[in-house]
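Only one structure is covered here, and it is reproduced in the block below.
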Amino acid sequence: MPDHIGSSTVACNDDVLTSPDHNGLRLLSRSPHPYHRQTSELLEPSSSYAIRQSPPLTDSGTEADDEHFLKGLPAPRRLHKGLRGRNDVSSGTSTPFLAPPTLLDEEARRPSSSARKDTWNQTSSTAVDKWRRKRTREVARRSTELLIVCVLGLFVCSNAQVRPVLQRSSRELRYAGSMVIALIILYPLRLLLWAYWHRKPSKILPITVPSSFDPAPLFYPPIITLLVSSLIAVDNSAILLPNIILALCSLPRALIPTVSSNSQDVSPLHWVLTSVPLAMSRIPSDLVTAREADERMDALPTALSPEAVILLYPLHCNLLRVLHALTTTSLLTAELQLLSIGLINILLLSSSPQINILKAMLWVGGLDILVSCSKPIQWGISLARVPKWRFKRPPSPVKQKPGFLSTLMSWRRMRHDLFHSPLDSSSCSSCEAIDDADDTDDPNTQVSRGLGRVRPSNTGSTLSIRDFDVTSFSGIDDAHAGGKETVKVRRHTLPTTSRQRKRHTHTPSGRKKRSASISIKAFVSLTYAQAIIRKWVYASYVYACIIGAIFVPFPTIGVKEVVARESLHGDEPVGWALGYLFGDIQWFRWQVVSRNLGWWIRLPLRLSQDTGQAVEHGWVERLRASFGEANTRLLLSAYCLVIIAAGLTIVFRLSPICEVDTRRKVFHFMMVAMFLPTTYIDPCFVALALSIVLAAFLLLDLLRASQLPPLSKPLAFFLAPYVDGRDLRGPVVISHIFLLIGCAIPLWLSLGSLPRTDYGHLEGWSIPTREIAMVSGVVCVGLGDAAASLIGRRYGHRKWLWGGGKSLEGSAAFASAVFLGLTAAHMWLRLGGWTATNQHVDTWQTTMQKTGACAGMASLTEAVLTGGNDNVIVPIVLWACVKSLGV
């Protein structure tokens, strides 16, 4: 499990480098061709996990969007087997290291005191100064990151609605915080104990913190989980306790003490530590009265049974293994932990219809495809790795033997047989002695062609069969009798049959060939035509399984059945969708009623005629009610399709004249144009659309990575011009997926924290209030990230104190764009007349101050972040700031 605190952390004595436990371990490579150099298959869980280092820094405004960085990527090194690097020490071993052995002893790189005394010169002094400056910059960077986390926690705790929730769960939160602090303090002591027990360190304190230390896996998964769940628990306090346990589950396993030297996926001590908050919530303290204890039990419920809460830790660990096997090196450690926590929340704590649909697509459909298609996809990837020339050649067509009459009537053959004339124009003087070996009827002289080249006789050398007169095999006996007597060699002699055949394990130059993968060897015996047929068989099976996972009418297997039961009150999903989109068209309503299809297609009620409810919102809601809610959804869908068509047209026109980064940012602006004005109009419909599009993106990327016809090559060809450095880490192209997730997560979180309304079969598909936090992801990813990249790449000359690819100009552009985007969202919320969650109690001056604070926090997080994807973490940070400050 990739649960290390960073690419390198606390170092120890250099004797660790010679530890035999690290021999044979291998780092997975983030090469552009991940399928060519993997020791484990894509869909098989790995027994050891690689250390995913932070992305390399570039000179552009953003680290991942640098086109020159992509062009300068080196070709993957082809090292010998067993010498491709070393993996980290597994967290289950007794070695409590958080860093790989190759990066452990950074202190050894510093010049020693004796070396400084002997060879002190300007070069060594410059190297020491450079090392110190780099260390100072990294300390400033990590301190700023810690400051951001602390300030974000203060923002959340300052919210008047969150404080009562935190007070009711203060015991569990105090336990979690004290346990984390104790484990962090205990860790260096464990390092010292291990160093003095297993080694003889040369220094009294053989510990140093490398400058490449990245605390992101320790900061973001637990803290973001606690802060987000605290904000959502205002309206649903039952989700706080499971998320406290999940936050403890996401701690790096290297922090947990262990005595076993075997790698374990589930640490018993870690499991016990994560179960303590459940026991504390059910056992009241002796310092409180019985009435307060009853109020506490009622105020801090749990949405899960105690048995399910106890099993959260093993579920989290096993889900991490599956996600790592699927994504390999595409995700960093913090991203993998956050993804696992989010999926568990969707599985166990989702209650809204939109998130239940997302749960059905990700969990039910995803598990169906994973179980039924993992082996065929793995075989398809292995088959795609085999080059054409490695396949078996098809057998050549058999030449028809000449008939008896054609042989008899051949004039050349007849003349040769009668007069010993040559068959061709060449000389045939040897025919006086014997016919050609291919023409003779004597079976003893029949020799296949091509067995060897005739060697000339060497006088005085050892005689072989090629040195004798082949007119009679008695010459062999004469040669043995004559000893060293020179024998005259005729022109036509027998080639040797004892010549050694070339070994297939070596090249013609004598170099040993690389052994092929076991998965590839299984397909080498196929011809190319058979391989193509095999690919289509695999593809047909995978497509059939995908269709079956969606439409199979089983309650726990088919996605459609789960959606109907958990989100649509038992209605058939296809008929419900038709009524949801076309239910306000008069012709469509008449066809449904006249054909008696009301049992299948649920038509929406008319507000003015059927319910008699008055629209209490602003003019946009009144216009929507008069035009029809279903017609409004059709209009929003058509508007989004027009934006997509216009954006793709602009991208294709800019392809010959603009670089990749500029074309990529067109997609960011497309997200702003689509979702910033439409989210407030119908947030539930937009959330449903984002869920369906995310599932489609994941499915298409699976088909692309599987390399199965006919969709894999067109998808790869379309995505190739827009990939960045993060997409080259592993098999998953994450840019468009994370762009969509960054826009969708704030909306999903806001919908999870707001009350629901509506009536009839659409119960739960409408909310009475709106908030600016809904569009924080669109503003952050669509405006802030695009502005930082475009401005930073062209005008970014002043770098931050810690260096890297981020510039002050790019960060200022990010903050300005986010500030303008949030201000525009606030103006649209007021102009539309929607009811805001904060009831617009703040003045414009206070609102601008809060908006500026949120923009600055998001910009600083984007500048300092290295251990996670900024398209996911920064929108969550901005959502937490906007939600807690009540912008």
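Since the model is a prediction, treat every value here as computed from it, not as a measurement.
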Residue that, paired with Thr866, satisfies side chain to side chain donor-acceptor pair (under 3.5 Å) out of Arg142, Arg141, Lys806
Arg142
On a heavy-atom basis, the closest approach of Ala773 and Pro746 is O-CB, 3.6 Å
For residues Val733 and Val723, determine if any side-chain heavy atom of one lies less than 4.5 Å from a side-chain heavy atom of the other.
yes
May I ask you to decide if the ring planes of His198 and Trp194 are parallel, tilted or perpendicular, using 30° and 60° as cut-offs?
tilted
Quick one, Glu138 with Arg132, criterion salt bridge (Lys or Arg N to Asp or Glu O under 4.0 Å). Give me CA distance, side-chain angles, the key distance, then yes/no.
CA-CA 10 Å; Glu138 287 299 323; Arg132 289 176 178 173; over 6 Å; no
Would you please test Leu273 and Tyr175 for side-chain contact (heavy atoms from CB on, under 4.5 Å) and show each step?
CA-CA 10 Å; Leu273 294 177; Tyr175 164 76; 3.9 Å; yes
Listing, residues 880-887 side-chain donor-acceptor contacts under 3.5 Å, not counting sequence neighbours, or none:
from: Lys883; atom 1: NZ; to: Ser753; atom 2: OG; distance (Å): 3.0
from: Lys883; atom 1: NZ; to: Glu771; atom 2: OE1; distance (Å): 2.9
from: Lys883; atom 1: NZ; to: Glu771; atom 2: OE2; distance (Å): 3.2
from: Ser884; atom 1: OG; to: Ala880; atom 2: O; distance (Å): 2.7
from: Ser884; atom 1: OG; to: Cys881; atom 2: O; distance (Å): 3.2

Taking Asp785 for the side chain and Cys780 for the main chain, is one N or O donor matched with an acceptor at less than 3.5 Å?
no
dist Tyr722:OH -> His736:NE2 (nearest 0.5 Å) comes out at 13.0 Å
Stepwise, does the side-chain contact (heavy atoms from CB on, under 4.5 Å) test hold for Leu739 with Ser735?
CA-CA 6 Å; Leu739 175 64; Ser735 292; over 6 Å; no
To the nearest 0.5 Å, atom CD1 of Ile741 lies from atom CG of Leu338 at 11.0 Å
Full working for side-chain contact (heavy atoms from CB on, under 4.5 Å) between Asn243 and Leu226:
CA-CA 7 Å; Asn243 279 279; Leu226 290 176; 5.6 Å; no
Under the side chain to side chain contact (heavy atoms under 4.5 Å, CB included) test against Leu227, which residue among Ile223, Thr225, Leu231, Ile224 passes?
Ile223
Under 3.5 Å: donor-acceptor pair, side chain of Asn871, backbone of Gly742
no
How long is the span from the CG atom in Leu251 to the OG1 atom in Thr274, to the nearest 0.5 Å?
9.5 Å
Note, Ser789 side chain near Asp661 side chain (heavy atom, < 4.5 Å)
yes
Step-by-step side-chain contact (heavy atoms from CB on, under 4.5 Å) determination, Val228 to Ile876
CA-CA 8 Å; Val228 171; Ile876 296 178; 3.9 Å; yes
Here the pair of heavy atoms bringing Pro221 nearest to Ala216 is CD-O, 3.3 Å
Answer yes or no: is there a donor N or O on one side and an acceptor on the other, between the side chain of Ser158 and the main chain of Leu154, under 3.5 Å?
yes
Quick check: does any side chain N or O of Thr144 sit under 3.5 Å from a backbone N or O of Ala140, one acting as donor and the other as acceptor?
yes
Does atom OH of Tyr196 have more than 12 heavy-atom neighbours, drawn from other residues, nucleotides or ligands, at distances under 6.0 Å?
yes
Closest approach of Leu783 and Gly821, non-hydrogen atoms and distance?
CD1-CA, 3.8 Å
So, for Ala254 and Arg190, which heavy atoms are closest and what is the spacing to 0.1 Å?
O-NH1, 3.0 Å
Pro875 versus Ser776, closest heavy-atom pair with distance
O-OG, 4.3 Å
Is any side-chain heavy atom of Leu323 less than 4.5 Å from a side-chain heavy atom of Leu331?
no
I want to check something: taking the side chain as every heavy atom from C-beta on, are Leu336 and His324 in contact at a cut-off of under 4.5 Å?
yes
dist Ile772:CD1 -> Cys854:SG (nearest 0.5 Å) comes out at 9.0 Å
Any ion pair linking Glu809 and Arg794 (charged N to carboxylate O, less than 4.0 Å)?
no
How long is the straight-line distance from OH of Tyr220 back to OG1 of Thr861, given to the nearest 0.5 Å?
6.5 Å
Considering residues at least two apart in sequence or located in another chain, which fulfil the side chain to side chain contact (heavy atoms under 4.5 Å, CB included) criterion with Thr846?
Asp842, Thr843, Lys850
Side chain of His316, backbone of Ile341: donor and acceptor closer than 3.5 Å?
no
Scan Asp701, Thr328, Leu326, Thr327 and name whichever one has a side chain to side chain contact (heavy atoms under 4.5 Å, CB included) with Pro731.
Thr328
Check whether any side-chain N or O of Glu862 sits under 3.5 Å from a backbone N or O of Asp870 as a donor-acceptor pair, and report yes or no.
no
CG of Leu808 to CG of Leu801: how many Å apart, nearest 0.5 Å?
9.5 Å
Write down the atom of His668, the atom of Val781, and the distance for their closest heavy-atom approach.
ND1-O, 2.9 Å
Within the side chain of His797, is there an N or O that forms a donor-acceptor pair under 3.5 Å with the backbone of Ser807?
no
Decide whether Trp800 and Ser811 meet the rule of one side-chain donor and one side-chain acceptor closer than 3.5 Å.
yes
Taking the side chain as everything from C-beta on, heavy atoms only, tell me whether Leu183 gets closer than 4.5 Å to Ile256.
yes
Determine whether Ile184 and Tyr187 make a side-chain contact, defined as any pair of heavy atoms from C-beta on separated by less than 4.5 Å.
no
With side chains defined as the heavy atoms from C-beta onward, is the minimum distance between Trp879 and Ile745 less than 4.5 Å?
no
Can you find a pair of side-chain heavy atoms, one from Glu335 and one from Leu339, that are under 4.5 Å apart?
no
